[in-house]
Amino acid sequence: MKTILLSLLTLFVTTTCFADQKTTVLDNVSNNGTGKIVAPYLDGALNVDLEANLNKIINEEVAKLVKKAGKNANLSYDVELNRPSLVSIMLKAEGSKIYYKGLNLDLTTGREFTLNDFFVKNEEVKHYMDIKDIIFDDDEVKYPSSPDGAYNNKISYDELIAHVRVGEAGRIFQVARLTDKSADKILHLDGAGLVAIKLASNPSTGFTWQIAPGKGIKEVGRSFNMPNMHDERVGVPGEEIIVFAVSGKGMHNINFQYKRAWEKSFAQSFKVNIEVD
């Protein structure tokens, strides 16, 4: 429970001024006979050892791809996803044939990340979880039909986001942080995303937040944060944090009622409107 609470609280925490900057990717240029190699190089990470390990992974994959493409082949790359601690890069080697390799690099672990790091494997999505050769981008996950081929197959985040691991979700998805002041206003999301709403609550009174999410919205996490009290009093009001996964273009809404489960009346009621563009 403590881990879940900390995960939800991180959705509201503001860190240092550089924390939200994208990962720095530089061109590392060299020659391959008459061919040109433009490989990615990571720089500026807080942990230089993890960064060095990721650059080693990049160099190894570049060498493998160039070897397949042959002498005089050209190599280039595209950054498909760039977040403060994650970057996904597509390598492309062009020789007698064209070869591709997707890399998903995690600057907090120094290794490649997978679908299983961010989504829960269950019956609904398990057929995706076992795909090893993937690449993340801003809108979807892609994978090839054959080894070294183009990543033409797509898995929309709309299909995955309801199965997200809440503690890791904010590293990939946009997270909108709301309170009850958002009542009757409209939040715009650029594609599938997460909405974390923080509400005053006091469960000791029997009152809890009852929700009625519309189509395309699923609750994926909830916890209660009790303020630090030195006199160990009970029944002190705190904050309830509820996280929703939102998917599907168009207008969505969530109705909230603060009430006792056994009563029809409620102490507070409001609606949040979310439009996915």
Side-chain angles (χ1 to χ4, degrees), residues 1-14 119-120 122-125 156-170 173-277:
M1 180 63 182
K2 183 178 180 181
T3 301
I4 296 174
L5 174 57
L6 290 173
S7 297
L8 298 183
L9 287 175
T10 57
L11 299 177
F12 285 92
V13 172
T14 301
F119 302 97
V120 177
N122 55 38
E123 288 299 317
E124 292 183 58
V125 294
S156 170
Y157 286 136
D158 284 342
E159 297 182 65
L160 298 171
I161 197 166
H163 313 284
V164 74
R165 297 185 186 277
V166 175
E168 298 293 325
F173 295 106
Q174 56 182 323
V175 181
R177 301 163 179 85
L178 303 179
T179 67
D180 56 354
K181 295 183 179 65
S182 63
D184 298 321
K185 301 176 180 65
I186 300 174
L187 167 69
H188 287 269
L189 292 181
D190 184 17
L194 298 169
V195 174
I197 188 159
K198 180 171 64 176
L199 300 167
S201 181
N202 189 350
S204 67
T205 63
F207 282 87
T208 58
W209 285 101
Q210 310 292 316
I211 60 171
K215 184 179 179 181
I217 297 181
K218 180 180 178 181
E219 181 181 335
V220 293
R222 182 188 290 229
S223 195
F224 180 76
N225 179 30
M226 179 74 75
N228 292 324
M229 302 298 295
H230 299 294
D231 57 4
E232 299 183 355
R233 286 180 293 168
V234 296
V236 178
E239 294 173 338
E240 192 162 7
I241 300 171
I242 311 173
V243 183
F244 301 92
V246 185
S247 60
K249 291 185 180 297
M251 186 68 74
H252 308 272
N253 59 72
I254 313 171
N255 290 297
F256 294 84
Q257 287 187 344
Y258 190 55
K259 63 189 293 291
R260 293 186 175 99
W262 60 88
E263 295 179 346
K264 293 183 178 180
S265 60
F266 50 83
Q268 186 179 354
S269 176
F270 69 97
K271 181 174 71 173
V272 170
N273 301 300
I274 305 164
E275 186 165 14
V276 180
D277 299 323

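Along the sequence shown, the residues carry numbers beginning at 1.
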- Item | Interatomic spacing from CD in Glu239 to CD1 in Ile197 - rounded to 0.5 Å | 12.0 Å
- Task: Could you pull out the closest heavy-atom pair between Ala169 and Leu194, with the gap in Å?
- Result: CB-CD1, 3.1 Å
- Is there side-chain contact between Val125 and Glu159, with at least one heavy-atom pair below 4.5 Å? no
- Write down the atom of Ala162, the atom of Ala245, and the distance for their closest heavy-atom approach. CA-CB, 4.0 Å
- Task: Measure the spacing between CG of Asn253 and NZ of Lys215 and express it to the nearest 0.5 Å.
- Result: 13.0 Å
- Item | Exceeds 12 heavy-atom contacts within 6.0 angstrom, atom CG of Asp190 | no
- Query: How long is the span from the CD atom in Glu275 to the CD1 atom in Ile186, to the nearest 0.5 Å?
  - Reply: 6.5 Å
- Message: Using side-chain heavy atoms (C-beta onward) and a distance below 4.5 Å, is Leu199 in contact with Phe270?
- Response: yes
- Of all heavy-atom pairs linking Asn202 and Ser204, the shortest is OD1-OG, 2.6 Å
- Given side chain to side chain contact (heavy atoms under 4.5 Å, CB included), test Gln257 with Gln268 step by step and report yes or no. CA-CA 6 Å; Gln257 287 187 344; Gln268 186 179 354; over 6 Å; no
- Can you say whether the rings of Phe119 and Tyr157 are parallel (under 30°), tilted (30 to 60°) or perpendicular (over 60°)? parallel
- Item | Euclidean distance, Ser269 OG relative to Trp209 CH2, rounded to 0.5 Å | 8.0 Å
- Query: How close do Leu178 and Val272 get, heavy atom to heavy atom, and via which atoms?
  - Reply: CD1-CG1, 3.9 Å
- Task: Evaluate side chain to side chain contact (heavy atoms under 4.5 Å, CB included) for Val276 paired with Met251, printing each intermediate quantity in order.
- Result: CA-CA 6 Å; Val276 180; Met251 186 68 74; over 6 Å; no
- Any side-chain heavy atom of Asp277 sitting closer than 4.5 Å to one from Lys249? no
- Message: With ring-ring contact (aromatic ring centres under 6.0 Å, His included) as the test, pick out the partner of Phe207 among Phe266, Trp262, Tyr258.
- Response: Tyr258
- Query: So His252 and Ile254, side chain to side chain contact (heavy atoms under 4.5 Å, CB included) or not? Walk me through it.
  - Reply: CA-CA 7 Å; His252 308 272; Ile254 313 171; over 6 Å; no
- Test item: Leu187 and Val195 side chains (from C-beta on) under 4.5 Å apart, heavy atoms: yes
- Item | Under-4.0 Å salt bridge between Arg222 and Glu240 | yes
- Query: Can you check whether Leu189 reaches Ile274 side chain to side chain, under 4.5 Å on heavy atoms?
  - Reply: yes
- Within-4.5 Å side-chain heavy-atom neighbours: Phe244 and Ile211: yes
- For the side chain to side chain contact (heavy atoms under 4.5 Å, CB included) test, which of Ile242, Val243, Ile161 pairs with Val220? Val243
